[in-house]
Each structure stands twice: as C-alpha cells, then as structure tokens.
Asks: 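To start, I am sharing the structure in question, which I have written as structure tokens.
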2 protein chains.
Amino acid sequence: MRNNTLGSLIWLRLMRFTNQSNQMSNDFLKRFDLTTAQFDVLMQISIYQPLTQMELAEKVTVTQGGISRMLVRLEKEGYIVRKQDWKTKTISLTEKAETILEQAMPEQLAFQSSFFDDILSEEEQKTLYTLMTRVHKYSQKRELPSE
Amino acid sequence: MRNNTLGSLIWLRLMRFTNQSNQMSNDFLKRFDLTTAQFDVLMQISIYQPLTQMELAEKVTVTQGGISRMLVRLEKEGYIVRKQDWKTKTISLTEKAETILEQAMPEQLAFQSSFFDDILSEEEQKTLYTLMTRVHKYSQKRELPSE
DNA sequence: TTTTATAACTTGACTACTCAAATGATGCTG
DNA sequence: CAGCATCATTTGAGTAGTCAAGTTATAAAA
C-alpha cells in the first residue's frame, strides 16, 4: 500500500526537519526572549529598514494580515516603531531591538549552522544549498501561473 | 554586516521553501476539503491504525495538546473515531476518511513529488534525500542531550 | 474503601498564521 | 467639495500549534 515516490519522501523529511529545528530554535532563542518568527522578522527589518509592511510581508513570506498581527506584538514589546508615511506605514527597529539583535544574531546564525556543520562536509553543504535553491526558485516560478 | 554562514543560508532556504510549499499544498488539497496538516495526520492514522494519541503525536511531531485539538476537529468533521480503551484513546479512520484518502493520497503524493521531479534528476533527488536524512537524524539525536 | 500514584488526555492562555471583508489614507474627477 | 478609486493596513473568524496546569481512568497500597 505504501507507494511513496522519492519526491514525497524528500518532502516529508523537509517538513519534519524544519518543524523540529524550528522548535529547537524557539527553545534556543528563549534566553533572548524571542521566538524564531520574531527573530526572522527583526532580522529582515534590520537589513532593509526602513520599509513598509507589504515589503516586509513578502520578505518573510506571510500575508499582510499575518505581518500586521506580528508587528502589533513586536511594537507592544518595544522592538519596533511604525509611523504612517503617506499611504503606507514605515517600520524601523528601536534601540532595544538593535541591542538584542547584536547579541542574538551571531549566536542564532551559529545555532542554525550547527545543524549542518557537524554532520555535512563543506562540499556536501554546498550541494545541499544548490539543490534547495533550485527547488525553491522553481516553486516560486510555479506560484504565479497567471500572467 | 551580513556575515551569513553557508549553514544559515541553507536553513533559511529550507524554512522559506517548506513554508511556501505548505501553503501551495493547502491550496491543492482544498478540493478534498482538507488541509496539509489534516492530510498528514490522516495518512499516519491510515498507516498505523489503530493507535493511541501519544503514538500519533510522535509520528507527526506535535505535542499531546496539539494532537488533542487536531483530533477534536477531525472527529467533528467525521473523519475519525476515538474510543476509550483502557487508559488510552484508540484512534481509527471512518469510512468517509478512507474514501477521501483513497482519492487524495495518490494525487497529493504526485503533487509533493512535482516540486522535485520537474527540476532535479533522479540522481540529484537521491543526493538531496540522503543529505536531508542525515541532517534530520542528526538533529533528532541532539534533541535528547540528557540520558 | 478512601488515598495515592501515574499515565493519557484535555484545556486555558498564548503565538502565529490564513482568508476575506472592513477601514484608513490619499488622490482624482466631476 | 462630494464621491469614487485605489492602495495599505486592520480585523473577525478560523486552523494549527506551544506550554503548563488540570482532568480522567486505572491500579495498587493504607
């Protein structure tokens, strides 16, 4: 009855791994009082600030509604400020967030890397990155069958 | 300021890809009136039924609380039945779920595969699967640093 | 037979989303 | 200036999860 294809096995692996490593990352980031999702959003803001909600939503691949709720939480915690700027709202980091990120960023990047560094060679990591990049870019292409 | 390691780039790719393909999968499964998470749970039940909630929770890597809520929804929709059996609750699929799965399963597996089939060769898929399996298994090992 | 232990499950309060309808902000046209 | 269009953001209702405290079911000791 199990007639799994190779592709479906890969898919399941990816889902389980990202799910699990995401939880581990949440655990790791607890000492900075951040979740993985929040860290991700703050990182994108720090790279591209100032930017609008639409732009940010696209960077982290969530919907407009999703980013709106997330930013409400981050604003309440004092990590970001938003100001109405023409039709859009412009987002930037507060001092508090900058300070936390400065410490959390190198540690989180090291944490993420440790999933691969300890088990794959440099060569293998390059291969994995190349393959996933192709798969990801291809899936984005398919996303807009119209136009 | 961007001092990304290769590992952190891989991590981000994986997160973005799974996130996106998960949404596409939700879209695809709409015609069966299922979500990706529901399909995943129903599949595991169909393979291992009858089984307890604890066992199921472990298969799909969610917490006990998570599986409890999910099963309430699935039961309300008439996809599964639970009966108290000694201390545990035993889960099995209803006719309705069996029928839907019979149709949805091959299509969903094909859908998942299409992310890879169309862009990677057989050889490359094997490589990707091998690398991800190693990474995943390694991360599971790290998960229990105690004992 | 009332405690007491314990394993399995549920639940309250929360994060983090989704979609689609509503609201805000601005500009244009009659 | 009123009314309309349009783009950006918010919000209501829902799914899917987390953690930790609370229940329920069963067995076994006091």
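Convention: sequence-line order gives letters A, B, ...; per-chain numbering from 1.
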Asks: Taking only residues two or more places apart in sequence, or in another chain, which ones meet A/Glu124 in a salt bridge (Lys or Arg N to Asp or Glu O under 4.0 Å)?
Replies: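 Salt bridge (Lys or Arg N to Asp or Glu O under 4.0 Å) list for A/Glu124, sorted by chain: B/Arg134.
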
Asks: If only side-chain N and O atoms count, and only distance matters, is there a donor-acceptor pair under 3.5 Å linking A/Thr52 with A/Thr88?
Replies: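 Distance-only check fails for A/Thr88 and A/Thr52.
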
Asks: Residues two or more places apart in sequence or in another chain: which of them pass side-chain hydrogen bond (donor to acceptor under 3.5 Å, both in side chains) with A/Thr99?
Replies: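 So A/Thr99 forms no side-chain hydrogen bond (donor to acceptor under 3.5 Å, both in side chains) with any residue.
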
Asks: What is the distance, to the nearest angstrom, from the CD atom on B/Glu75 to the P atom on C/dT10?
Replies: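 For the pair B/Glu75 CD and C/dT10 P, the rounded distance is 9 Å.
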
Asks: Determine which pairs satisfy ring pair (Phe, Tyr, Trp, His ring centres under 6.0 Å) with at least one residue from residues 43-86 of chain A, sequence neighbours left out, and list them in order.
Replies: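 As it turns out, there is no ring pair (Phe, Tyr, Trp, His ring centres under 6.0 Å) pair with a partner in residues 43-86 of chain A once direct neighbours are skipped.
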
Asks: Whole-Å distance between C/dA16 C1' and A/Leu29 CG?
Replies: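 Rounded to the whole Å, the gap is 15 Å.
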
Asks: Between protein and nucleotides 3-10 of chain D, map the contacts as a letter string: B base, S sugar-phosphate only, - none, heavy atoms under 4.0 Å, written 5' to 3'.
Replies: ---BBSBB

Asks: Can you tell me the distance, in whole Å, between the CG atom of B/Leu42 and the P atom of D/dA16?
Replies: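 Distance, rounded to whole Å: 11 Å.
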
Asks: Nearest nucleotide by nearest heavy atom, which residue falls closer to the 5' end of DNA chain C, A/Glu77 or A/Asp85?
Replies: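 Here A/Glu77 is the residue nearer the 5' end.
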
Asks: Under the side chain to side chain donor-acceptor pair (under 3.5 Å) rule, what do A/Asn26 and A/Thr35 come out as? Steps first, then yes or no, please.
Replies: CA-CA 5 Å; A/Asn26 274 325; A/Thr35 65; 4.7 Å; no

Asks: Give the rounded distance in Å between these two atoms: CE of A/Met15 and P of D/dG17.
Replies: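 Interatomic distance, CE of A/Met15 to P of D/dG17: 12 Å.
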
Asks: Within the pair A/Gln38 and C/dT15, is there a side-chain N or O less than 4.0 Å away from OP1 or OP2?
Replies: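 False: A/Gln38 side-chain N/O out of range (4.0 Å or more) of C/dT15 OP1/OP2.
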
Asks: Tell me which of A/Asp27 and B/Thr35 sits closer to the 5' end of DNA chain D, going by the nucleotide each one is nearest to.
Replies: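 So the residue in question is B/Thr35.
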
Asks: Phosphate oxygens OP1/OP2 of C/dA16: is one of them under 4.0 Å from a side-chain N or O of A/Arg73?
Replies: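 Yes, A/Arg73 has a side-chain N/O under 4.0 Å of OP1/OP2 on C/dA16.
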
Asks: List in chain and number order the residues that pass ring pair (Phe, Tyr, Trp, His ring centres under 6.0 Å) with B/Phe39, two or more places apart in sequence or in another chain; answer none if no residue qualifies.
Replies: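 With sequence neighbours excluded, B/Phe39 shows a ring pair (Phe, Tyr, Trp, His ring centres under 6.0 Å) to no residue whatsoever.
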
Asks: Give the rounded distance in Å between these two atoms: CE of B/Met70 and C1' of C/dT11.
Replies: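 So the CE-C1' distance, B/Met70 to C/dT11, works out to 17 Å.
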
Asks: Starting at atom NZ of B/Lys30, determine the distance to atom C1' of C/dA20, rounded to an integer number of angstrom.
Replies: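 Interatomic distance, NZ of B/Lys30 to C1' of C/dA20: 11 Å.
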
Asks: Taking atom C1' of C/dA16 as reference, at what distance in whole Å does atom CG of A/Asn22 sit?
Replies: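 Answer to the nearest Å: 11 Å.
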
Asks: Rounded to whole angstrom units, what separation is found between the CZ atom of A/Phe39 and the P atom of C/dA16?
Replies: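 Roughly 14 Å, once rounded to whole Å.
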
Asks: Tell me the salt bridge (charged side-chain N to carboxylate O under 4.0 Å, His left out) pairs involving residues 9-29 of chain A, sequence neighbours left out?
Replies: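 Checked against salt bridge (charged side-chain N to carboxylate O under 4.0 Å, His left out) - neighbours excluded - the pairs reaching residues 9-29 of chain A are A/Arg16-B/Asp40, A/Asp27-A/Lys30.
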
